[in-house]
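Numbers here simply count residues along the sequence, with the first being 1.
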Amino acid sequence: MSQLELPDNPYLLLTPGPLSTSKSVRAAMFRDWCTWDKDYNDIVESVRCDLVKLATERDGYTSVLMQGSGTFSVESVIGSAIPADGKLLVLVNGAYGDRIARIASYLRIPTIVHDSGEVAPPDIPRLRRELDIDAEITHVAAVHCETTTGMLNPIEEIGRTVKEYGRIFIVDAMSSFGGIPFSMESSHADFCISSANKCIQGVPGFGFVIATHATMASIQGRARSLSMDLYDQWRCMEDGHGKWRFTSPTHSVRAFRQALNEFAEEGGVAARFARYRNNQRTLVRGMRSLGFRCLLEDRYHSPIITAFLSPTSPRYSFERFYQSLKRKGFVIYPGKVTIVDTFRIGNIGEVNCNDIRRLLSAVEASIDWEQDAVSGANS
Ligand SMILES: *Cc1c(COP(=O)(O)O)cnc(C)c1O
């Protein structure tokens with residue numbers, strides 16, 4: 001048998017997922033698995049168990065894995081948890097909150113959108129009023145870290161308010177889970193959703209949902225789609241001890257097992273949060289010294305990703321900036337907000353402070369537009 005050598009990545013992904021993974025995570029994909037065999041099902045069970053432990057210290061919780069990108073898991077929760085006579089309130093301050101509202105619209109679920117704009121957190125007194133006047137609202141959905149801007153939403157305060165009014169709380173913790181301290185208890189989440197290729201630093205292929213056994217059992221028969229039926233998927237995994245209803249992303253799951261091992265070796269959420277936060281602070285400090293400005297006020301920043309205002313010089317072009325950084329070994333992310341032109345730089349994945357310092361040198365060497373157009377702008 002010939003020995004294949006695992007290539008190095010040609011550039012670092014400074015994106016919010018897929019992101020740069022370790023070589024050992026990628027190497028874990030170098031064999032095939034039978035989706036119905038116990039060897040593989042045992043891996044699935046260990047992953048499900050670890051995810052629950054990451055989300056809560058309490059008993060009574062369970063998790064379910066769902067094929068597809070993170071959006072598929074969000075859609076499976078929205079489509080499976082909300083009953084036919086239910087009504088959803090979505091807190092929106094970016095593209096991912098908006099996506100939840102769009103999912104609900106496709107599924108013809110009556111929905112109220114609480115839009116706080118792209119640079120402000122949800123308005124809690126307004127949320128309270130909305131829940132107070134509309135008793136038909138059964139579920140509230142919010143995004144923990146809004147990856148559009150990097151905004152860290154006050155998930156605990158939102159959760160507390162939702163519970164004051166006795167509604168079900170759905171949290172899209174996609175880009176924060178494993179990278180920012182979070183628990184089912186403190187957030188009051190009934191459903192927590194994330195995916196393999198974000199802060200746990202696995203490869204794409206599936207997402208996961210955490211809830212109590214009782215909550216999961218309560219949604220039987222509500223799903224609006226067969227392949228997205230969260231209850232059915234969970235039932236199959238529970239009864240079959242790690243079996244999936246349909247073809248499962250075996251290689252992604254095996255890589256995720258390895259990613260979870262490395263996550264624990266690094267020191268869990270606390271260590272990862274510290275590394276990401278250090279990355280983000282180094283990044284913001286360095287970018288500011290090069291004349292760039294952040295979109296959000298500092299108090300709203302998350303350690304996951306940062307949105308920077310595009311330089312105003314007519315000679316600036318994202319495409320040229322992007323290509324220049326890519327040639328130097330870094331891939332950044334285009335902006336997604338609608339109000340102003342931005343670009344984004346992520347800090348998650350197999351990325352450390354040295355990488356960020358090398359990036360900052362690459363940025364400095366890539367600035368080929370009029371220097372005075374960005375200098376002096378330092379907020
Ligand atoms: C990444 C992400 C998603 C899911 O996006 P996919 O492209 O479907 O993986 C959902 N919500 C948030 C906040 C995200 O960052």
Side-chain angles (χ1 to χ4, degrees), residues 51 55 62-116 122 127 130-131 134 136-148 153 155 158-159 161-163 165-177 182 184 187-196 198 206-212 214-235 237 245-246:
L51 289 173
T62 183
S63 71
V64 52
L65 315 185
M66 179 61 82
Q67 294 95 330
S69 83
T71 303
F72 290 64
S73 286
V74 176
E75 184 155 344
S76 80
V77 170
I78 300 298
S80 306
I82 302 171
D85 58 353
K87 184 172 183 176
L88 176 69
L89 186 153
V90 191
L91 301 173
V92 177
N93 53 2
Y96 293 98
D98 189 54
R99 188 176 295 174
I100 297 175
R102 290 185 64 210
I103 288 170
S105 155
Y106 267 74
L107 297 175
R108 313 256 189 285
I109 294 169
T111 301
I112 305 277
V113 173
H114 170 130
D115 193 335
S116 51
L127 170 63
E130 284 161 339
L131 293 173
D134 194 343
E136 286 181 358
I137 295 169
T138 51
H139 292 66
V140 176
V143 178
H144 187 197
C145 171
E146 181 44 86
T147 320
T148 310
N153 282 317
I155 208 69
I158 298 168
T161 308
V162 171
K163 286 297 144 188
Y165 288 88
R167 318 298 164 88
I168 306 281
F169 190 31
I170 298 169
V171 177
D172 171 349
M174 206 70 65
S175 63
S176 55
F177 191 82
F182 169 92
M184 301 298 286
S187 65
H188 302 277
D190 293 288
F191 295 90
C192 165
I193 312 157
S194 186
S195 82
K198 303 256 173 158
F206 67 97
F208 49 86
V209 180
I210 298 153
T212 63
T215 298
M216 218 59 108
S218 74
I219 65 172
Q220 181 176 9
R222 292 182 183 172
R224 291 154 177 86
S225 143
L226 169 70
S227 52
M228 295 287 200
D229 187 338
L230 193 71
Y231 173 82
D232 206 37
Q233 181 91 342
W234 173 70
R235 193 76 264 163
M237 278 189 187
R245 293 179 301 161
F246 314 126

If you take all heavy atoms of A189 and V171, which pair is closest and at what distance? CB-CG2, 3.6 Å
Would you check if the side chain of S175 reaches a backbone N or O of C145 as a donor-acceptor pair within less than 3.5 Å? yes
About how many Å separate CG of L88 and CD1 of I78, when rounded to the nearest 0.5 Å? 5.0 Å
Tell me, do I155 and F169 make a side-chain contact under 4.5 Å, heavy atoms counted? yes
Stepwise, does the salt bridge (Lys or Arg N to Asp or Glu O under 4.0 Å) test hold for D190 with K163? CA-CA 10 Å; D190 293 288; K163 286 297 144 188; 2.6 Å; yes
R222 side-chain N/O to Y231 backbone N/O, donor-acceptor pair under 3.5 Å: no
With a 4.5 Å heavy-atom cut-off, do T62 and V64 have their side chains touching? no
Donor-acceptor pair, R224 side chain versus G79 backbone, under 3.5 Å? yes
Whether over 12 other heavy atoms sit under 6.0 Å from R102 CZ: no
Can you sort out the partners of H139 under ring-ring contact (aromatic ring centres under 6.0 Å, His included), two or more places apart, ordered by chain and number? none
Classify the ring geometry of H144 against F182: parallel below 30°, tilted from 30° to 60°, perpendicular beyond 60°. tilted
Gap between atom CE of M216 and atom CG of L230 - 0.5 Å precision: 5.0 Å
Atom CD of Q220 and atom CH2 of W234: how far apart are they, to the nearest 0.5 Å? 9.0 Å
What one should report as the nearest heavy-atom pair of C192 and A173 is SG-CB, 3.9 Å
For L226 and R245, what are the C-alpha separation, side-chain angles and deciding distance, and is it a side-chain contact (heavy atoms from CB on, under 4.5 Å)? CA-CA 10 Å; L226 169 70; R245 293 179 301 161; 4.2 Å; yes
Quick one: are L89 and L91 in side-chain contact, heavy atoms under 4.5 Å? yes
Does any non-hydrogen side-chain atom of D134 lie less than 4.5 Å from one of Y165? no
D98 vs T148, test: side-chain contact (heavy atoms from CB on, under 4.5 Å). Steps then yes/no. CA-CA 10 Å; D98 189 54; T148 310; over 6 Å; no
Are V143 and R99 packed together at the side-chain level, in the sense that at least one heavy-atom pair is separated by less than 4.5 angstrom? no
Taking the side chain as every heavy atom from C-beta outward, state whether P122 and I158 have any atom pair closer than 4.5 Å. yes
On a heavy-atom basis, which atom in F246 and which in S227 lie closest, and how many Å separate them? CE1-CA, 4.0 Å
Over all atoms of both residues, closest heavy-atom pair of M66 and Q233: CA-NE2, 3.8 Å
Separation of S116 OG from L127 CG (nearest 0.5 Å): 10.5 Å
Out of V140, I100, I193, V74, which residue meets the side-chain contact (heavy atoms from CB on, under 4.5 Å) rule with I170? I193
Would you say E75's side chain and I103's backbone share a donor-acceptor pair under 3.5 angstrom? no
With sequence neighbours left out, what residues match F191 under ring-ring contact (aromatic ring centres under 6.0 Å, His included)? none
As an exercise, state the distance from OG1 of T215 to CD1 of I210, rounded to the nearest 0.5 Å. 12.5 Å
What is the distance from atom OG1 of T161 to atom CD of E130, rounded to the nearest 0.5 Å? 11.5 Å
Measure across A81 and I219 and return the closest heavy-atom pair with its distance rounded to 0.1 Å. CA-CG2, 3.9 Å
If you take all heavy atoms of G70 and M174, which pair is closest and at what distance? O-CE, 3.4 Å
Pairwise side-chain contact, M228 with F72, heavy-atom cut-off 4.5 Å (strictly under): yes
Polar side-chain atom of T138 near backbone of K87 as donor-acceptor pair, under 3.5 Å: yes
Between T71 (side chain) and S69 (backbone), is there a donor-acceptor pair under 3.5 Å? no
